[in-house]
Number of protein chains: 2
Amino acid sequence: MNMSASTQLLKAQQLRITDMRIKVLDLFLSHQEALSQNDLENSLGEADRITLYRTLRTFEESGLIHKAIDGTDKQKYALCKHTQCKPNQHFDHHAHFHCDDCGKTTCVEEIAAPILSPPPGFSISKTHLVIHGTCSNCQVAS
Amino acid sequence: MNMSASTQLLKAQQLRITDMRIKVLDLFLSHQEALSQNDLENSLGEADRITLYRTLRTFEESGLIHKAIDGTDKQKYALCKHTQCKPNQHFDHHAHFHCDDCGKTTCVEEIAAPILSPPPGFSISKTHLVIHGTCSNCQVAS
DNA sequence: TATTTTTTGAAACATTGTTGCAATTAAAAC
DNA sequence: GTTTTAATTGCAACAATGTTTCAAAAAATA
């Protein structure tokens with residue numbers, strides 16, 4: 001029996017294999033851009049909103065996905081490079097690009113968030129770099 | 001008759017002087033950190049939620065305040081250096097610091113968001129730099 | 001002070017975040 | 001392949017936030 005990619009990922013994180021988790025993970029695997037809870041709900045049909053919410057939290061805690069901060073008021077998530085991220089310990093230092101046109105947010109692995117020296121008295125745990133602009137898709141369209 | 005700082009600011013932006021606007025602007029003037037709609041509601045007492053919401057939108061459009069992106073799902077706003085920002089044209093390039101401990105978000109004028117060259121096909125309108133960590137206040141406390 | 005234009009406040013509704021709990025299901029044990 | 005055990009789900013319920021419409025109230029102007 002060959003396991004799907006999503007099943008394998010779940011196994012590797014020692015998470016129970018459930019329908020919702022497979023469906024959600026499949027969606028992340030098949031999408032380039034970061035997905036919001038709403039995006040996922042739309043794709044999933046009539047899945048339970050609360051279960052989805054908890055699934056996302058579980059995935060984030062296990063290091064499967066990370067928040068893609070893009071300056072909007074909607075939380076979006078993207079797949080982690082799962083080889084690096086561990087439970088409660090993320091290693092996603094790349095920038096996120098948010099298109100003002102289509103609203104999609106994507107990871108930009110090529111650009112890293114800068115490493116800063118904290119001002120006196122402060123300590124820094126993580127820096128995020130958010131880029132706003134127009135993506136190549138929308139650039140062409142206009 | 002001497003005009004208050006908030007009245008002057010409103011006048012300069014050609015906004016009508018109303019109670020709500022003065023109160024909200026006074027709050028921004030007297031706080032270091034960025035304020036969320038909820039923060040403001042708490043300080044304002046029983047002000048109308050919808051009016052506050054619209055006041056913030058108006059202020060942002062006129063260039064009085066800007067969104068302080070901090071990676072949380074709550075929108076927060078901070079005063080602009082009003083000499084630079086104009087309606088629909090912001091010049092706030094500084095980083096924002098978010099304290100994981102107390103949750104406060106502050107502008108870090110000393111640190112600027114990096115200027116990046118866009119990947120082929122993309123265009124960049126603005127970059128945001130968000131710093132997470134512990135502020136000097138909370139550092140001492142722990 | 002009267003007129004005009006903007007702003008406010010209420011009602012109403014959608015979306016999102018969040019918890020508690022009983023029913024269900026997955027994994028482990030037998 | 002059942003049974004047991006432990007985690008997950010789905011529902012109810014609630015709080016916070018975002019957003020529009022429209023008549024009433026207030027601010028600026030004449």
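Computed from heavy atoms alone, side chains included, the values below leave out hydrogens, waters and symmetry copies. By convention in this document, chain letters (A, B, ...) are assigned in the order of the sequence lines, proteins followed by strands, and residues within each chain are numbered from 1.
- Between B:Thr18 and B:Thr55 the shortest side-chain heavy-atom distance does not fall below 4.5 Å.
- Proximity of B:Arg21 to the phosphate of C:dT7: a side-chain N or O atom is located under 4.0 Å from OP1 or OP2.
- Annotation: of the two residues near DNA chain D, B:Lys74 and B:Arg57, the 5′-most nearest-nucleotide partner is B:Lys74.
- A donor-acceptor contact under 3.5 Å is formed by the side chain of B:Arg49 with the base of D:dG18.
- Across the protein-nucleic acid pair, B:Leu44 atom CG and C:dG9 atom C1' stand 15 Å apart, rounded to whole Å.
- Between A:Tyr77 and A:Phe59, the distance separating the two ring centers is not shorter than 6.0 angstrom.
- OP1 or OP2 of C:dT15 has not a single side-chain nitrogen or oxygen of A:Asn38 nearer than 4.0 Å.
- Between the CG atom of B:Asp73 and the C1' atom of D:dG18 there is a distance of 13 Å, rounded to whole Å.
- OP1 or OP2 of D:dT9 lies within a sub-4.0 Å distance of a side-chain N or O belonging to A:Thr18.
- If you take CG of A:Leu10 and C1' of D:dA7, they are 14 Å apart, rounded to a whole angstrom.
- In this structure, B:Leu56 places its CG atom 17 Å from P of D:dA16, rounding to the nearest Å.
- At least one side-chain nitrogen or oxygen of B:Gln37 sits closer than 4.0 Å to the OP1 or OP2 atom of D:dG18.
- The distance from atom CG of B:Leu40 to atom P of D:dA16 is 15 Å, rounded to the nearest whole Å.
- Where B:Arg54 and A:Leu15 each meet DNA chain D at their nearest nucleotide, the meeting point lying more 5' is that of A:Leu15.
- In this structure, the nucleotide among D:dA26, D:dG18, D:dA7 sitting nearest to the side chain of A:Arg16 is D:dA7.
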In sequence, state the C-alpha distance, the side-chain angles, and the governing distance for A:Tyr53 and A:Arg49, and then conclude on side chain to side chain donor-acceptor pair (under 3.5 Å).
-> CA-CA 6 Å; A:Tyr53 166 74; A:Arg49 195 174 67 83; over 6 Å; no
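- Protein atom CD1 of A:Ile17 is 17 Å distant from nucleotide atom P of C:dT25, rounded to whole Å.
- Between B:Thr55 and A:Ile50, the residue whose closest nucleotide on DNA chain C is further toward the 5' end is B:Thr55.
- Rounded to a whole Å, the CD atom of A:Gln75 is 6 Å from the P atom of C:dG17.
- Aromatic pair A:His96/A:His66: ring centres closer than 6.0 Å.
- A:Tyr53 has no side-chain polar atom (N or O) that falls below the 4.0 Å cut-off from OP1 or OP2 of C:dT16.
- Taking atom CG on A:Leu52 and atom P on D:dG10, their separation rounds to 11 Å, with Å as the unit.
- Note on ring orientation: taking the six-membered ring where Trp is involved, the planes of A:His98 and A:His132 are tilted (angle from 30° to 60°).
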